2 protein chains.
Amino acid sequence: MVRGGTTEQLRRANLSRVLELLHEDGPHSRADLTRLVGSSRSTMAGVVTELEELGLVAESMPELTGGAGRPSGVVSVNPDVVAVTVNPEVDAVHVGLVGLGGRVIKHARIEVPDTDVTTVVSLAAATIRGMLSDDPPRYRVLGVGLAVPGQVRISDGVVRQATHLGWSEVPLTDLITHATGLPAWAANAATLAMRAESRLGAGKGVADLVYLIGGASGVGGGAVVGGHLLTGSAGYAGEFGHTVVTPGGTPCHCGGRGCLEAEVDQATLLAAVGLGSADAGRLGERLKASGDPEVVALVADRSARLAVAVRNALNVFNPQAIVLSGHLAALHEASELDLIAEGVASSREAVEIRSAALGDEQLMIGAAELVWSELLADPAGLLAR
Amino acid sequence: MVRGGTTEQLRRANLSRVLELLHEDGPHSRADLTRLVGSSRSTMAGVVTELEELGLVAESMPELTGGAGRPSGVVSVNPDVVAVTVNPEVDAVHVGLVGLGGRVIKHARIEVPDTDVTTVVSLAAATIRGMLSDDPPRYRVLGVGLAVPGQVRISDGVVRQATHLGWSEVPLTDLITHATGLPAWAANAATLAMRAESRLGAGKGVADLVYLIGGASGVGGGAVVGGHLLTGSAGYAGEFGHTVVTPGGTPCHCGGRGCLEAEVDQATLLAAVGLGSADAGRLGERLKASGDPEVVALVADRSARLAVAVRNALNVFNPQAIVLSGHLAALHEASELDLIAEGVASSREAVEIRSAALGDEQLMIGAAELVWSELLADPAGLLAR
DNA sequence: GCCCGTTTGTTGTTCTAACGAACAAACGGG
DNA sequence: CCCGTTTGTTCGTTAGAACAACAAACGGGC
């Protein structure tokens with residue numbers, strides 16, 4: 001809802017709404033847009049024209065006609081409007097180019113000798129320059145979205161702590177902006193994975209969602225609350241990995257004991273079925289197929305611990321769906337245990353436990369959303385820079 | 001922000017914004033409002049005039065003048081615009097009359113022979129009729145806000161389950177509307193207590209807040225996320241009382257084991273210092289003053305369990321403040337334990353643990369907010385009924 | 001005591017955004 | 001080939017907000 005405003009803000013909001021529809025739902029005819037937004041045809045004509053002038057959308061003429069009536073052009077986002085994404089990990093940096101609308105255009109994995117910030121930033125910047133070296137320039141680059149495995153203060157893009165990278169108090173967006181000349185935004189990687197899943201994957205259209213993801217670097221997550229992303233006061237929200245599932249249990253690197261991340265780690269599960277970390281994608285089937293009593297017992301034990309965290313989230317968030325990803329999804333698929341056998345009855349009845357639907361592109365799509373959300377907030381504004 | 005709309009919606013939004021400011025922040029001059037909203041003086045003149053015509057605000061002339069310049073009239077909400085509040089409990093029903101702006105005008109506690117729904121509703125309806133029996137009518141009643149100790153489906157006001165009242169699947173708002181002729185809305189009592197605390201008390205102005213309240217009927221809570229209330233997909237969110245703090249611990253009436261509500265109950269603490277449930281208000285001081293080693297040990301033990309729930313909430317929500325109320329506040333005040341000694345470091349540094357600031361009127365103010373939120377969403381709309 | 005600057009509210013005009021009605025364009029079907 | 005249908009466009013209308021000019025009421029300084 002509006003919180004008071006001028007007619008100009010109203011106009012911007014209409015631009016934003018239409019662009020968002022096109023970005024999230026794909027191409028639509030003007031008539032469709034008119035119906036979806038609930039405005040008049042003439043208003044929509046003005047909005048579409050303005051978005052065209054901004055170079056954000058394009059209108060293509062029909063290939064095959066539907067039925068009776070005047071054939072309608074199709075409005076779609078301009079896929080040459082792009083966001084750069086960067087995802088530093090322990091052994092490599094992933095750099096991507098994502099078009100408005102969500103298509104991944106380019107993707108590179110750059111091995112890094114070490115995780116030193118200067119090294120990572122300069123390698124990323126060089127890769128970005130390479131990706132954008134078309135002459136004449138082909139893409140309209142709006143900015144860089146950074147997905148960091150650690151706590152990120154979203155207000156200024158400082159990485160407060162990223163244990164696995166050995167980073168602490170790194171002004172990452174500033175460094176990237178300085179190295180590339182592009183505006184940048186950063187957020188926690190697990191949160192961004194959820195963002196992608198929420199927009200395109202298993203959480204599409206779900207207004208109240210809890211997301212839990214497990215990987216080599218621990219367990220993270222996020223939540224969508226009433227259609228809005230849960231960020232917390234500074235941006236550190238969603239650390240489900242440090243939910244206490246075993247008071248006084250295994251020490252965790254966070255300083256506590258018995259955290260989900262410490263009790264249900266990927267490495268132990270991989271080792272139990274003889275897989276290396278490169279084969280994490282096959283963990284689910286191997287756990288399920290294994291008849292080894294030790295593996296069965298391990299799955300039962302770890303599932304029970306996961307169930308504690310799931311139950312807590314269920315009771316607190318009353319979500320419509322809980323989406324599991326990474327080794328948590330594998331564990332759930334291999335286990336007989338009903339993760340929501342307990343908990344507040346009213347909340348249990350309507351919730352659905354799902355596995356994540358998106359694969360590798362998840363993080364790039366999520367990181368690009370950081371840029372898109374700036375664009376969508378004020379389509380005319382970001383381009384003015 | 002606007003999600004697309006007409007100029008009329010813009011107008012409504014401006015009405016809403018101004019009324020909300022007056023409701024939450026108290027009286028303001030037109031000049032103040034102009035600055036706060038960021039509009040022009042002429043626009044504000046129109047908005048205030050319309051709100052006056054709707055009978056929602058009144059303008060009073062200055063008593064004492066501030067400084068130089070033309071003296072300004074003060075715009076304030078009309079306190080005769082009221083909401084009725086009803087809060088059924090095990091032994092009594094509380095009925096209140098709350099004016100726009102948040103002042104409690106009337107309050108009655110009606111003892112009930114049993115918690116049978118029909119009995120409770122008819123007693124409440126009779127009390128309401130009595131409160132509104134002025135001739136000519138003095139108050140403009142917008143509706144009834146119901147605070148229920150249990151799970152309430154907010155979409156239709158059905159009480160799914162209220163263990164302590166023995167209620168299950170009770171269409172409470174329908175019953176109240178039928179008995180009183182007034183529109184009604186219902187929600188969980190703990191959530192409404194938080195709502196009051198968030199607007200007027202220890203959580204005022206805090207956009208990211210977690211609230212935990214303990215009382216005779218268990219432990220509940222709620223959260224404010226990015227300035228919005230956490231309701232969940234159906235309205236059952238905020239059940240922090242069923243956060244697992246001791247896996248496999250004390251059985252809880254929810255069917256699980258080791259819930260916060262089962263492990264840290266009010267009765268045990270009261271009994272330890274020889275208090276009855278009527279003296280719950282003095283629990284904090286008694287726990288603190290007691291030198292009895294058994295009491296000290298009890299406080300330490302229960303605090304540690306509370307700390308698990310607090311830590312989970314901290315990690316997941318990254319709130320600006322965590323507000324404790326009821327016996328959880330008493331426990332915290334009596335304990336030496338730092339509730340946030342553990343957890344994700346970045347989230348710990350900025351959070352503040354506070355005790356609730358509001359007393360008895362908490363629930364009435366919170367329940368009235370249910371009605372106010374309907375009014376504020378569309379000031380002209382609700383009055384049209 | 002009077003003038004002046006300051007602050008605030010009011011009035012009339014202008015600007016912008018959205019709407020509605022009429023018209024035009026392009027299709028399928030009889 | 002005409003007609004109904006659907007879609008896009010044009011233009012006049014309506015509504016909300018901004019802007020500018022003016023009026024009202026105060027304190028302070030001379």
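Predicted model only: the values in this text are computed from it and were never measured. Lettering follows sequence order; numbering is per chain, from 1.
Listed nucleotides: C:dA18, C:dG9, D:dT7. Nearest to the side chain of A:Arg35: D:dT7. With D:dA17, D:dT7, C:dA17 as the candidates, the nucleotide lying closest to the side chain of B:Thr7 is C:dA17.
Atom-to-atom, CG of B:Leu33 to C1' of C:dG9 comes out at 13 Å; the value is rounded to the nearest Å. Look at CG on B:Leu10: it is 8 Å from C1' on D:dA17, rounded to the nearest Å. A straight line from CD of A:Glu8 to P of C:dC15 spans 16 Å, rounded to a whole angstrom. One atom, CG of B:Leu15, and another, P of D:dA15, lie 15 Å apart when rounded to the nearest Å. Remark: C1' of C:dA17 and CZ of B:Arg11 are 15 Å apart, rounded to the nearest angstrom. In this structure, CG of B:Asp32 is placed 9 Å from P of C:dG9, rounded to the nearest angstrom.
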Please write out the pairs of protein N or O atoms and N or O atoms of nucleotides 9-14 of chain D separated by less than 3.5 Å, giving the distance to one decimal.
{"from": "D:dT9", "atom 1": "OP2", "to": "A:Arg30", "atom 2": "NH1", "distance (Å)": "2.3"}

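The shortest distance between the side-chain N/O atoms of A:Thr43 and the OP1/OP2 oxygens of C:dC19 is below 4.0 Å. The side chain of B:Ser72 places an N or O atom within less than 4.0 Å of a non-bridging phosphate oxygen (OP1 or OP2) of C:dG9. In terms of phosphate contacts, A:Asn14 brings no side-chain nitrogen or oxygen within less than 4.0 Å of OP1 or OP2 of C:dA17. In this model, the phosphate group of D:dA18 is approached by a side-chain N or O of B:Ser40 to a distance below 4.0 Å at OP1 or OP2.
Residues satisfying the salt bridge (Lys or Arg N to Asp or Glu O under 4.0 Å) test with B:Glu197, not counting sequence neighbours, are none. Under the rule for a side-chain contact (heavy atoms from CB on, under 4.5 Å), the partners of B:Pro27 that lie at least two apart in sequence or sit in another chain are B:Val74, B:Ser76. Partners of B:Ile105 by side-chain contact (heavy atoms from CB on, under 4.5 Å), not counting sequence neighbours, listed by chain and number: B:Val82, B:Leu97, B:Arg103, B:Tyr139. In terms of the side-chain contact (heavy atoms from CB on, under 4.5 Å) criterion, residue partners of A:Ala237 (sequence neighbours excluded) are, by chain and number, A:Leu230, B:Asn318.
Using a 4.0 Å heavy-atom distance criterion, B:Ser39 is classed as a sugar-phosphate-only contact.
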Please report, to 0.1 Å, the donor-acceptor pairs under 3.5 Å made by any side chain of residues 44-56 of chain B, with sequence neighbours excluded.
{"from": "B:Thr49", "atom 1": "OG1", "to": "B:Ala45", "atom 2": "O", "distance (Å)": "2.6"}
{"from": "B:Glu50", "atom 1": "OE1", "to": "B:Arg11", "atom 2": "NE", "distance (Å)": "3.1"}
{"from": "B:Glu50", "atom 1": "OE1", "to": "B:Arg11", "atom 2": "NH2", "distance (Å)": "3.0"}

With Watson-Crick and G-U wobble geometry limited to distances under 3.5 Å, how should the secondary structure of DNA chain C be encoded in dot-bracket form, using | for bases paired to another strand and [ ] for crossing pairs? ||||||||||||||||||||||||||||||
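Sorted by first then second residue, the ring pair (Phe, Tyr, Trp, His ring centres under 6.0 Å) pairs that include residues 32-57 of chain B, not counting sequence neighbours, number zero. For residues 23-49 of chain A, the set of pairs meeting the ring pair (Phe, Tyr, Trp, His ring centres under 6.0 Å) definition, not counting sequence neighbours, comprises A:His23-A:Trp372.
For the pair A:Glu24 and A:Lys204, the salt-bridge criterion is not met [side-chain N within less than 4.0 Å of a carboxylate O].
The backbone N or O of B:Ile176 sits less than 3.5 Å from a side-chain atom of B:Thr180, completing a donor-acceptor pair.
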